[in-house]
Amino acid sequence: MNEKPIFGVYGYPKNFFSSELGSRRENIFKWLFEHNLNALELDWTYGTFMNEKRANRYRELASIYKIKLSLHAPKNIDFISPNRNTQLFSLNQLKRALEQASKLSCSDLVVGLGLSNKEADITALINRLTKEIGPIIKKYPQINIHFEPALKINEFGSLEELLLLCKKLHTYPYINLMNFHAYLGGTLINREKIIHIFKQVIASLGMEVLPKLMVSICPIAYQHGVICPKTFGEEHLGQLSLFDSNSTYYPKANDYIEAILKLNIRPVTISRTYQSEELGAMRLRDSYFFNELKQNNRVK
């Protein structure tokens with residue numbers, strides 16, 4: 001397990017491109033280092049076009065600046081679709097993503113399972129996925145696969161379903177707290193709910209899962225029946241919403257930080273706070289060390 005939690009960003013924040021380093025994407029590693037952040041989850045949109053020379057450069061820079069690099073697989077993957085051509089296309093996309101992750105020396109690949117409605121027979125679906133995905137990922141034992149949860153109840157990817165699949169494939173759930181919050185009907189509103197998710201994961205996969213945990217977090221709100229990612233520090237009713245102070249944005253930074261402190265776990269935490277990912281990551285990081293210090297003082 002990490003000595004301390006690792007905090008980082010998803011993709012290239014807007015503020016990176018407007019900085020002095022933003023003229024070249026490869027400078028993201030130096031930029032994160034200067035912000036005292038140490039993780040980057042690359043989005044496939046850009047990764048698709050990354051040749052081997054650029055991949056080598058990214059791998060080198062990640063090592064120089066001590067940035068943990070992970071990759072998100074293509075979002076057009078849909079293993080759940082009943083259409084066989086779609087399933088085969090998705091398997092090919094998974095192969096491409098694993099090959100790219102290997103070039104980048106990423107130890108972690110995040111994979112969505114698809115947005116199609118799930119089959120009535122979940123056992124049959126899991127058996128099919130195991131049979132089709134298993135032989136592919138076995139060729140890349142150095143890469144940890146993290147399956148992303150669903151957003152809607154009619155999609156495959158509840159925590160229970162993910163854990164069943166992960167046990168069969170020896171993979172891991174991607175603790176996407178925004179998706180879990182939406183899937184659970186907007187109920188992820190306190191630290192106990194977040195703790196419960198981690199306890200389910202540990203109970204199902206064992207303590208050995210702890211060094212592999214990856215968490216993604218961004219405050220979201222329901223607006224006119226639509227799930228909206230919110231921007232850290234955006235104006236709201238004439239005031240700045242600082243993630244925790246707004247009563248309609250969940251999950252809360254502090255709830256998550258208090259949860260991992262209480263459980264004494266140290267996952268890789270990826271901020272997806274819309275257009276200001278690094279601000280969310282720094283908010284989470286500072287909240288962690290503040291709460292850790294407060295906790296240690298109480299113990300003394």
Side-chain angles (χ1 to χ4, degrees), residues 5-16 32 35-37 39-41 43 70 72 75 110 112 146 148-153 155 157-159 173-198 213-263 265 267-292:
I6 293 174
F7 296 97
V9 302
Y10 180 87
Y12 302 86
K14 181 181 178 181
N15 291 331
F16 163 67
L32 289 171
H35 284 77
N36 197 23
L37 298 172
L40 171 64
E41 185 179 323
D43 185 80
S70 57
H72 198 294
K75 295 182 178 65
V110 180
H146 303 259
E148 200 158 18
L151 272 167
K152 300 176 183 177
I153 295 176
E155 297 167 0
S158 68
L159 181 56
Y174 186 62
I175 313 297
N176 185 322
L177 292 176
M178 306 89 70
N179 282 25
F180 281 129
H181 178 60
Y183 192 94
L184 296 170
T187 59
L188 214 62
I189 58 174
N190 55 52
R191 76 172 187 180
E192 284 69 30
K193 300 279 188 179
I194 297 173
I195 287 171
H196 183 64
I197 287 175
F198 284 116
L213 284 178
M214 287 190 69
V215 179
S216 179
I217 184 169
C218 166
I220 63 173
Y222 287 106
Q223 295 179 342
H224 309 295
V226 177
I227 299 165
C228 303
K230 306 308 294 182
T231 303
F232 180 88
E234 75 179 52
E235 289 189 9
H236 183 78
L237 299 178
Q239 296 181 339
L240 288 179
S241 165
L242 296 179
F243 212 150
D244 286 310
S245 60
N246 189 288
S247 62
T248 62
Y249 297 177
Y250 294 97
K252 301 293 189 192
N254 233 41
D255 288 342
Y256 167 65
I257 293 302
E258 288 179 4
I260 64 173
L261 275 167
K262 187 171 179 63
L263 292 170
I265 58 177
V268 175
T269 303
I270 301 295
S271 165
R272 289 198 187 190
T273 44
Y274 182 60
Q275 292 191 336
S276 53
E277 291 85 355
E278 84 288 359
L279 295 180
M282 290 189 288
R283 168 72 177 85
L284 289 158
R285 177 201 65 205
D286 294 345
S287 177
Y288 177 85
F289 289 112
F290 173 77
N291 279 284
E292 184 186 47

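- In this pair, Y256 and F198 present their aromatic rings tilted. The plane angle is within the 30 to 60° band.
- A donor-acceptor pair under 3.5 Å is formed between the side chain of R285 and the backbone N or O of N36.
- Side-chain atoms of S276 do not come within 3.5 Å of backbone N or O of L279 as any donor-acceptor pair.
- Under the 6.0 Å distance and 45° angle rule, R272 counts as a cation-pi partner of Y10.
- In this structure, the separation between CG on N176 and CD1 on I270 is 11.0 Å, given to the nearest 0.5 Å.
- Using a 4.5 Å heavy-atom cutoff, the side chains of P267 and I260 are in contact.
- Of all heavy-atom pairs between G8 and A281, the closest is O-CB, 3.5 Å.
- Under a cut-off of 6.0 angstrom, the local environment of NZ in K75 is crowded, with over 12 non-hydrogen atoms contributed by other residues, nucleotides or ligands.
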| request: Applying side-chain contact (heavy atoms from CB on, under 4.5 Å), run through V268 and V215 and close with a yes or a no. | output: CA-CA 6 Å; V268 175; V215 179; over 6 Å; no
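- The two residues G11 and P13 make their nearest non-hydrogen contact at O-CD, 3.4 Å.
- With rounding to the nearest 0.5 angstrom, the OH atom of Y12 is 6.5 Å from the CG atom of L40.
- In this structure the side chain of L32 reaches within 4.5 angstrom of the side chain of V9, judged on heavy atoms.
- Under the 4.5 Å side-chain criterion, counting only non-hydrogen atoms from C-beta, M214 is in contact with S70.
- Nearest approach of C218 to Y274, heavy atoms of both residues: SG-N, 4.2 Å.
- Salt-bridge formation is not detected for the pair K193/D255: no Lys NZ or Arg NE/NH1/NH2 atom is positioned less than 4.0 Å from an Asp or Glu carboxylate oxygen.
- With contacts defined as side-chain heavy-atom distances shorter than 4.5 Å, the pair M178/S216 qualifies.
- If you take NE2 on H35 and CZ on F16, they are separated by 10.5 Å, rounding to the nearest 0.5 Å.
- Within a 6.0 Å radius of CZ in F290, no more than 12 heavy atoms belonging to other residues, nucleotides or ligands are found.
- Two residues are said to be in side-chain contact when any heavy atoms from C-beta on lie closer than 4.5 Å; I197 and L159 meet this criterion.
- Side-chain contact between L177 and L188 is present, with heavy atoms from C-beta onward closer than 4.5 Å.
- Between I175 and F180 the shortest side-chain heavy-atom distance falls below 4.5 Å.
- Heavy atoms only, all atoms of each residue included: N179 and P149 are closest at ND2-O, 2.8 Å.
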| request: Check the pair E292 / I257 against side-chain contact (heavy atoms from CB on, under 4.5 Å), numbers first and verdict last. | output: CA-CA 9 Å; E292 184 186 47; I257 293 302; over 6 Å; no
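- Side chain to side chain, E258 and Y288 fail the donor-acceptor criterion of an N or O pair below 3.5 Å.
- From H196, atom NE2 reaches atom OG1 of T187 across 10.0 Å, with rounding to the nearest 0.5 Å.
- Interatomic distance, CE of M282 versus CG of L37, reported as 6.0 Å (0.5 Å rounding).
- A distance of 8.5 Å separates CG of N190 from CD1 of I195, quoted to the nearest 0.5 Å.
- Both the sub-6.0 Å distance and the 45° axial angle are satisfied by K252 relative to the ring of Y250.
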| said: Show, in sequence, the C-alpha distance, side-chain angles and deciding distance for F7 and S271, and conclude whether the side-chain contact (heavy atoms from CB on, under 4.5 Å) test is met. | reply: CA-CA 8 Å; F7 296 97; S271 165; over 6 Å; no
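- Between E41 and Y174 there is a side-chain heavy-atom pair separated by less than 4.5 Å.
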